[in-house]
Amino acid sequence: MGYNGVGLPTHTITITRSKPSKMYKEKENVVRWIFKFVGRRKKILFIISTLVFIRVLYVWHGEVGQKIEVPHSDSKNKEQIRNIHNNLSYVVKSAKAYRPRPPPYFRGYKLPPDHPCNKFTLPPPPADKKRTGPRPCPVCYLPLEEAIALMPSSPSFSPVLKNLTYIHEKPLNRKTEFGGSDFGGYPTLKQRRRSFHIKETMSVHCGFVKGPEPGRGTGFDINEKDRLEMKRCRGIVVVSTVFDAFDDVKSPSNISKYSELTVCFFMFIDEKTESSLKRDKSFNKTTKKVGLWRVVVVHNLPYTDGRRNGKVPKLLVHRLFPNSRYSIWMDGKLDLVVDPHQILERFLWRENVTFAISRHYKRFDVFVEAEANKAAGKYDNASIDFQVDFYKKEGLTPYSTAKLPITSDVPEGCVILREHVPISNLFTCLWFNEVDRFTSRDQISFSTVRDKISARTKWNVGMFLDCQRRNFVVQRYHLADQAKLKKKETSTAILPSPALVSSKLPRKLTNVSQVVIITPPKRRGSDRQLSAWSHRKATLPARSPEPA
């Protein structure tokens with residue numbers, strides 16, 4: 001110990017470093033670990049910010065309308081949180097707007113119990129021994145305004161199947177067991193079996209397989225102007241065809257002004273029919289129309305047989321008109337004489353079905369139908385036998401009452417009413433594939449496709465009486481038959497003009513006394529003579545069957 005200058009003693013202090021404690025080491029390791037990951041602080045901050053954002057979003061979504069507590073002393077934080085609050089409100093509202101909701105479906109409706117159509121019954125057929133063939137019968141249509149008001153605002157339910165896409169092959173795979181074409185593709189039997197296993201999402205052959213879009217480089221080609229008009233058709237479309245100049249083109253009649261403006265009418269013809277139509281005075285060369293029909297000339301037809309070419313718009317109308325909701329297909333020899341809205345209301349909407357077709361007036365069994373086709377020379381007999389034997393091995397049986405409530409296995413396929421929902425689109429695709437693979441006689445393959453789909457989905461086809469079908473379409477003679485008869489065409493029914501549509505449509509069924517019940521008049525004189533001609537088909541020249 002010494003003294004300093006002021007007389008105070010001085011001490012020499014020796015500092016001895018002791019061994020650091022265990023707790024100190026642990027703290028030092030923690031600090032080192034933190035500094036080690038300081039370089040990754042941006043990622044850590046991003047993760048923390050994301051978690052905070054999700055938490056706030058969750059709280060905001062669960063407690064919409066609650067205020068966020070903000071310290072009054074911190075005005076800067078208050079403003080920032082208010083901005084977050086506003087941003088989150090916009091995000092939540094946007095999320096709700098895009099959140100998928102269960103789509104509403106049309107579930108059908110029932111007319112009031114006292115409605116005249118509920119009490120309507122078919123009268124007995126007239127006792128005319130000289131006329132024993134098929135004839136029209138009365139139909140209870142709703143007044144036009146009510147039929148239009150009852151048009152469903154939402155699509156019908158499609159059981160099981162929700163998304164349907166179509167196979168496009170380039171180049172074509174022609175390896176198959178038998179059947180097929182460049183237009184319809186060459187699906188194997190394995191692919192055929194898979195197409196009947198209905199799932200929520202499916203992709204099937206459905207014609208037009210060569211090109212990216214129906215009507216463009218696929219066969220059955222259509223010019224761009226017509227294709228654009230076909231895409232614009234978003235409601236009801238009425239479709240017909242005349243190939244090989246086999247029929248003349250007549251405009252629909254008794255169509256309301258409302259339907260003239262809102263319903264699409266398309267007539268598909270080939271170049272041969274176009275040449276014949278240009279000589280017809282009713283054909284407007286400027287607008288390419290015959291009355292209400294917009295005439296569309298089809299080029300590069302996929303088949304050599306006109307009847308098989310006619311199956312394309314008949315069964316694949318949903319592909320030609322991808323945006324339409326409902327369609328009425330009718331054979332070229334028929335004249336439409338009732339407004340489309342009244343027809344669809346009576347046979348689709350009121351029955352709550354998405355596909356309707358009339359049953360054959362005489363035959364109910366596929367085996368009987370096949371024999372009738374062979375006897376009439378409709379197709380090569382060996383090909384018909386092969387198709388029927390194929391279906392028989394798959395389980396096809398003769399029709400009997402055991403199949404009820406199915407009323408027939410044989411349709412009268414000259415008119416088809418349908419709604420373009422996935423399940424009905426699949427049905428016509430698979431029906432077309434059978435026509436493409438086997439014979440063009442679609443009555444033979446109808447029940448097989450229908451029953452296979454129905455067995456897996458409980459979906460079924462509405463089949464109405466053929467006499468009801470003859471009420472809204474009038475059958476004319478083919479051009480060859482007209483030339484043979486040397487008489488002008490005579491209408492088989494005279495229908496009252498429908499009432500004009502008012503601007504205000506009724507929201508519910510009213511004025512039920514105005515129900516339209518159309519009863520065709522009796523034929524007399526020369527009409528009766530023409531009727532006899534129509535049933536002596538054996539005396540008329542039959543069309544030659546297409547090659548096998």
Side-chain angles (χ1 to χ4, degrees), residues 183 208 214-233 237-255 259-261 263-314 316-317 320-321 327-337 340 414-415 440 473-491 530 540-541 543-544 546:
F183 177 78
F208 306 102
R216 290 179 54 193
T218 59
F220 208 88
D221 294 333
I222 301 167
N223 67 50
E224 288 299 317
K225 186 176 181 180
D226 289 328
R227 289 180 61 255
L228 181 60
E229 287 299 318
M230 292 159 64
K231 286 184 177 180
R232 289 175 177 171
C233 184
V237 59
V238 181
V239 182
S240 188
T241 60
V242 174
F243 292 138
D244 295 335
F246 201 58
D247 297 290
D248 52 357
V249 179
K250 296 295 182 183
S251 178
S253 57
N254 296 332
I255 307 300
S259 293
E260 288 182 9
L261 296 174
V263 177
C264 307
F265 295 87
F266 277 82
M267 171 68 71
F268 294 96
I269 65 173
D270 58 359
E271 296 170 0
K272 182 179 179 180
T273 306
E274 181 187 23
S275 300
S276 175
L277 191 60
K278 286 180 178 179
R279 299 190 293 268
D280 193 334
K281 295 181 180 180
S282 62
F283 178 59
N284 189 322
K285 297 180 180 179
T286 303
T287 61
K288 303 295 183 181
K289 282 192 171 185
V290 175
L292 295 178
W293 290 122
R294 179 186 177 94
V295 178
V296 177
V297 182
V298 181
H299 305 280
N300 190 24
L301 290 172
Y303 306 104
T304 58
D305 177 58
R307 286 174 292 187
R308 195 185 286 271
N309 286 321
K311 308 302 179 188
V312 177
K314 176 179 181 177
L316 305 184
V317 62
L320 293 169
F321 298 87
S327 65
I328 299 176
W329 185 89
M330 47 185 285
D331 193 85
K333 65 184 178 183
L334 302 177
D335 289 341
L336 184 66
V337 293
C414 57
V415 171
S440 63
V473 288
V474 177
Q475 187 164 323
R476 294 180 281 107
Y477 297 105
H478 296 301
L479 287 179
D481 299 342
Q482 293 182 35
K484 187 175 181 64
L485 296 173
K486 295 181 181 180
K487 291 182 179 180
K488 294 183 179 180
E489 172 190 351
T490 304
S491 299
L530 285 176
L540 300 179
R543 296 187 67 186
S544 57
E546 68 180 76

Handout entry: Sole residue of W293, F321, W329 in ring pair (Phe, Tyr, Trp, His ring centres under 6.0 Å) with F266
Key =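 Of W293, F321, W329, ring pair (Phe, Tyr, Trp, His ring centres under 6.0 Å) with F266 is met by F321 alone.
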For the residue pair [X] and [Y], what are the closest heavy atoms and their distance?
X	Y	value
L301	V298	CD2-CG1, 3.6 Å
P340	V263	CG-CG1, 4.3 Å
R294	K289	CA-CG, 4.0 Å
I255	S259	CG2-CB, 3.6 Å
L320	I222	CD2-CD1, 4.1 Å
P214	R227	O-NE, 3.3 Å

Value rounded to 0.5 Å, distance of [atom1] in [X] from [atom2] in [Y]:
X	Y	atom1	atom2	answer
C264	R232	SG	CZ	11.0 Å
K288	M267	NZ	CE	16.0 Å
K285	K278	NZ	NZ	7.0 Å
T218	N300	OG1	CG	8.0 Å
D305	S440	CG	OG	5.5 Å
D335	D248	CG	CG	8.0 Å

Side-chain touch [X]/[Y], heavy atoms, less than 4.5 angstrom:
X	Y	value
L316	F208	yes
F220	P313	yes
N309	D270	no
P252	V238	no

Problem - Evaluation steps, side-chain contact (heavy atoms from CB on, under 4.5 Å), between V290 and D280 - result: CA-CA 9 Å; V290 175; D280 193 334; 5.8 Å; no
Practice task
Please confirm whether the backbone N or O of D226 pairs with a side-chain atom of N223, one donor and one acceptor, at under 3.5 Å?
Solution key: yes
Problem - Under 3.5 Å: donor-acceptor pair, side chain of S276, backbone of K272 - result: no
Problem - Test side-chain contact (heavy atoms from CB on, under 4.5 Å) applied to V312 and T241, step by step - result: CA-CA 10 Å; V312 177; T241 60; over 6 Å; no
